[in-house]
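Note sheet for the following structure.
Residue indices begin at 1 and follow the sequence shown. Here the structure is a predicted model, which means the values were calculated and not measured.
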Amino acid sequence: MKILKRILKIVFALIGLLVLIAIITLWIDSSKTNYLDINKNESSSNNSYLIKNVNVIPMSQDTILVDKMVYIKEGIIIKIADTIRVNGVQIFDGENKYLTPGLIDMHVHVWDKYELGLYLSNGVTAVRNLWGMPMHLRIKEDVKEENIFSPSFFTTGPKLTGAEFIGDDNLNLTDPIEAKNKVIEYKERGYDFIKTYYGLDKEIFEAVIEQAKISEMDIVAHPSQKVPFSYHLNSQIKSIEHAEEIVQQPLQFDLDPNKLQPIIDSISQSHHTSYCPTITVFNNIYQMMMDDDILDSESLEYMNPLIKMDDSKRQFERWFNAKQNDPKTVDRIKNQHDFHLTIVKKLHEAGVPIICGTDAGIGVTLPGFSIHKELAFYKEAGFSNYEVLKTATVNASKTHAKMNQLGTIEEGKIANLLLIDENPLVDLSSLKNPSYVFVNGRKLNRKTLDSFNEKAYNRKNLIATSLKYLENLIVEK
Ligand SMILES: [Zn+2]
């Protein structure tokens, strides 16, 4: 008995030590990202401005309001006019530059706070995170309490999947009651939307939709292959993810524009479905196959270290092996990418709102930087610059009621804004380096934004990220 007692003591001591180490690691991690903290006593925390001498691109219509003044009070756009007189507010000279709404990335996977800085630096002032974990609820809380500089942060709950096991990261729902309870629980815990994913069969899928309607939770759907594609045109589903899902499911990899047309027509006839094509993440498969050294590239330092070590490597090896086994894979992927552009073009022509999403944060798809690639692909698909910009502003904000206060420069909207040197309606690439980013009316200059990039580039938070992922596995299972 004495020995047993001693063993137990040692076990408890070891567990205690591990917990202590975990707490210290997370504490160090959080102190290293305090460069994003809003210090309420500093001038950078000011969120009331009168911007003068600025050309406003409101995105509520295809126009430029030349040489305006914009009054922002406590993070809200109060007035846009030729002249505005207000006392006691800081005046900021827009130097005849261009003011646009901040960009919205509608499909991201956030792994740490460093990425929030990367998004801001790239002009992304709102993100929709599509794989919710407890850490994201804490980020939401920090954003809501105005503790940190961050894009407006929206997140789905964990991915709802069917009974089939497809990885340790997914829920395996086996009955409709369980599915309904998950929807209720996610709403209560503060997740914004429901994400449906692979393998949901008809019964569970319908249960999720029914409960989401009752709970007033919008659904974001990565199509389930267990139900017909047309199931995803339900009015509770506000956006369908990935152009490649159209290729995989209804088209069964047959890249035939004639077979595509009726699918496009059915989506456009639903009148409520936005499509989030995530062209970049698929194109990155091609990029991986074209560059055998991509894992050592400098830009990949912007990925979270856990993802870089695990997911980026795994994806690279998968496609490297596929290429070795069958050299035609490279052409096949390139052809499919080109077909995705056709899908986007046809969806757009049919009046389906395209919403810009990148799938940043997984594989080799970089947070923040990727949005400019995604926008360039829409341009390549035949959109005008104004239509391209709509995908990441007004189209995105109209998708969910929760996002309606974003996406345009109008009175009453949240002051998430970019100040751009050149007119982005002439050259979209000018969006890459905004000289100022306003987030909830708070102004960040280029120097500060560049320092956010540098911090993310140099981060060493492998263990901290692993602990948060472990927490997710424990809490959400
Ligand atoms: Zn995704």
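Annotation: side chain of Leu50 is not in contact with side chain of Phe92 (no heavy-atom distance under 4.5 Å). Between Cys276 and Ile240 the shortest side-chain heavy-atom distance does not fall below 4.5 Å. Counting heavy atoms from C-beta outward, Met69 and Val54 have side chains that stay 4.5 Å or more apart. In this structure the side chain of Leu341 reaches within 4.5 angstrom of the side chain of Glu380, judged on heavy atoms. Taking the side chain as every heavy atom from C-beta outward, Leu444 and Phe452 approach each other to under 4.5 Å. You'll find the side chain of Glu476 reaches within 4.5 Å of the side chain of Pro134, heavy atoms only. Side-chain contact between Leu366 and Leu300: present, with at least one pair of heavy atoms (C-beta onward) separated by less than 4.5 Å.
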Practice problem: Show your working on side chain to side chain donor-acceptor pair (under 3.5 Å) between Ser152 and Asn416 and close with a plain yes or no. | Solution: CA-CA 9 Å; Ser152 301; Asn416 280 358; 3.0 Å; yes
Exercise. Would you check, one step at a time, whether the test side chain to side chain donor-acceptor pair (under 3.5 Å) holds for Asp112 with Thr465?
Key: CA-CA 7 Å; Asp112 58 36; Thr465 311; 4.7 Å; no
Quiz item: ring pair (Phe, Tyr, Trp, His ring centres under 6.0 Å) between His348 and Phe383: does it pass, once the steps are laid out?
Solution: CA-CA 8 Å; His348 177 60; Phe383 292 39; 3.8 Å; yes
Quiz prompt | Test log, rule side chain to side chain contact (heavy atoms under 4.5 Å, CB included), inputs Asn440 and Asn47 | solution = CA-CA 7 Å; Asn440 282 309; Asn47 59 356; 5.8 Å; no
Quiz item: Can you check salt bridge (charged side-chain N to carboxylate O under 4.0 Å, His left out) on Glu146 and Arg442, steps first, answer last?
Solution: CA-CA 10 Å; Glu146 301 191 42; Arg442 294 193 173 90; 2.8 Å; yes
Exercise. Just do the side chain to side chain donor-acceptor pair (under 3.5 Å) check on Gln261 and Asp265 with the steps written out, would you?
Key: CA-CA 6 Å; Gln261 198 54 52; Asp265 293 343; 3.1 Å; yes
Quiz item: Given the rule in the side chain to side chain donor-acceptor pair (under 3.5 Å) test, do Glu410 and Thr408 qualify, once you have shown the distances and angles that lead to the verdict?
Solution: CA-CA 6 Å; Glu410 291 176 288; Thr408 60; 2.6 Å; yes
Exercise. Evaluate side chain to side chain contact (heavy atoms under 4.5 Å, CB included) for Tyr49 paired with Phe438, printing each intermediate quantity in order.
Key: CA-CA 10 Å; Tyr49 286 96; Phe438 289 82; 4.0 Å; yes
Quiz item: Between Ile104 and Thr393, is a side chain to side chain contact (heavy atoms under 4.5 Å, CB included) present by the stated rule, with each step listed?
Solution: CA-CA 6 Å; Ile104 305 173; Thr393 56; 5.6 Å; no
Practice problem: Evaluate the criterion side chain to side chain contact (heavy atoms under 4.5 Å, CB included) for residue pair Val220 and Ile237; output intermediate values, then yes/no. | Solution: CA-CA 6 Å; Val220 180; Ile237 297 177; over 6 Å; no
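Lys308 has a carboxylate O that lies under 4.0 Å from a charged side-chain N of Glu301, or vice versa, which qualifies the two as a salt bridge. Ion pairing of Asp201 with Lys226 is absent here, as no side-chain N (NZ or NE/NH1/NH2) approaches a carboxylate O to less than 4.0 Å. Under a 4.0 Å N-O distance rule, the pair Glu387/Lys379 does not qualify as a salt bridge. Between Glu95 and Lys52, no side-chain nitrogen of the basic residue sits less than 4.0 Å from a carboxylate oxygen of the acidic one, so the salt-bridge criterion is not met. The pair Arg138-Asp142 does not meet the salt-bridge criterion, since no charged nitrogen lies less than 4.0 angstrom from a carboxylate oxygen. Salt bridge Lys180/Glu206: absent, no basic N to carboxylate O contact under 4.0 Å.
The backbone N or O of Ser215 sits less than 3.5 Å from a side-chain atom of Lys187, completing a donor-acceptor pair. Looking at Asn385, its side chain does come within 3.5 Å of a backbone N or O of Val426 through a donor-acceptor pair. Under the 3.5 Å distance criterion, the side-chain polar atoms of Thr399 are matched with a main-chain donor or acceptor of Asn395. Between the side chain of Ser370 and the backbone N or O of Ala360 there is no donor-acceptor pair closer than 3.5 Å. Thr278 places no side-chain N or O within donor-acceptor distance of the main-chain N or O of Val281, the cut-off being under 3.5 Å. At least one donor-acceptor pair closer than 3.5 Å links the side chain of Lys413 to the backbone N or O of Leu406. Side-chain atoms of Glu115 come within 3.5 Å of backbone atoms of Trp111 as a donor-acceptor pair (strictly under, hydrogens ignored). For Asp105 (side chain) and Thr358 (main-chain N/O), a donor-acceptor pair under 3.5 Å exists by modelled atom type. Gln249 places a side-chain N or O within donor-acceptor distance of the main-chain N or O of Ser224, the cut-off being under 3.5 Å. The backbone N or O of Thr448 lies less than 3.5 Å from a partner atom in the side chain of Asn445, making a donor-acceptor pair.
Residues Tyr302 and Tyr114 place their aromatic rings such that the two centres sit no closer than 6.0 Å. For Phe205 and His232, the ring centers sit closer than 6.0 Å to each other. Aromatic ring centroids of His337 and Phe377 lie under 6.0 Å apart. When ring centroids are compared, Tyr186 and Phe193 stay outside the 6.0 Å threshold.
Within 6.0 Å of the CD atom in Glu422, the count of heavy atoms belonging to other residues, nucleotides or ligands does not exceed 12. The 12-atom threshold is exceeded at CD of Gln225, counting heavy atoms of other residues, nucleotides or ligands nearer than 6.0 Å. Around NZ of Lys79, the count of heavy atoms belonging to other residues, nucleotides or ligands within 6.0 Å does not exceed 12. Environment of NZ in Lys402: crowded, with over 12 heavy atoms of neighbouring residues, nucleotides or ligands closer than 6.0 Å.
Pairs passing the side-chain hydrogen bond (donor to acceptor under 3.5 Å, both in side chains) check and including a residue from residues 316-330, sequence neighbours excluded, read Asp292-Lys323.
In this structure, OH in Tyr286 is found 11.0 Å from CD1 in Ile333, a value given to the nearest 0.5 Å. Taking OH from Tyr386 and CD1 from Ile64, the interatomic distance works out to 11.5 Å, rounded to the nearest 0.5 Å. A distance of 10.5 Å separates CG of Leu233 from CD1 of Ile263, quoted to the nearest 0.5 Å. Atom CG of Asn122 sits about 8.0 Å away from atom CG of Asn433, to the nearest 0.5 Å. Considering CD1 of Ile184 and CD1 of Ile214, their distance stands at 7.5 Å, rounded to 0.5 Å.
Across Thr155, Asn129, Asp192, a single residue satisfies side chain to side chain donor-acceptor pair (under 3.5 Å) together with Lys140, and that is Asp192. Of the options Ser451, Ser121, Ser435, a side chain to side chain donor-acceptor pair (under 3.5 Å) to Arg446 is made by Ser121 and by none of the others.
Of the N and O atoms on the side chains of Thr280 and Asn283, not one donor lies less than 3.5 Å from an acceptor on the other residue. Remark: the Asn53 side chain and the Asp93 side chain contain an N/O donor-acceptor pair separated by less than 3.5 Å.
Under the ring-ring contact (aromatic ring centres under 6.0 Å, His included) criterion, His242 pairs with His107, His222, not counting sequence neighbours.
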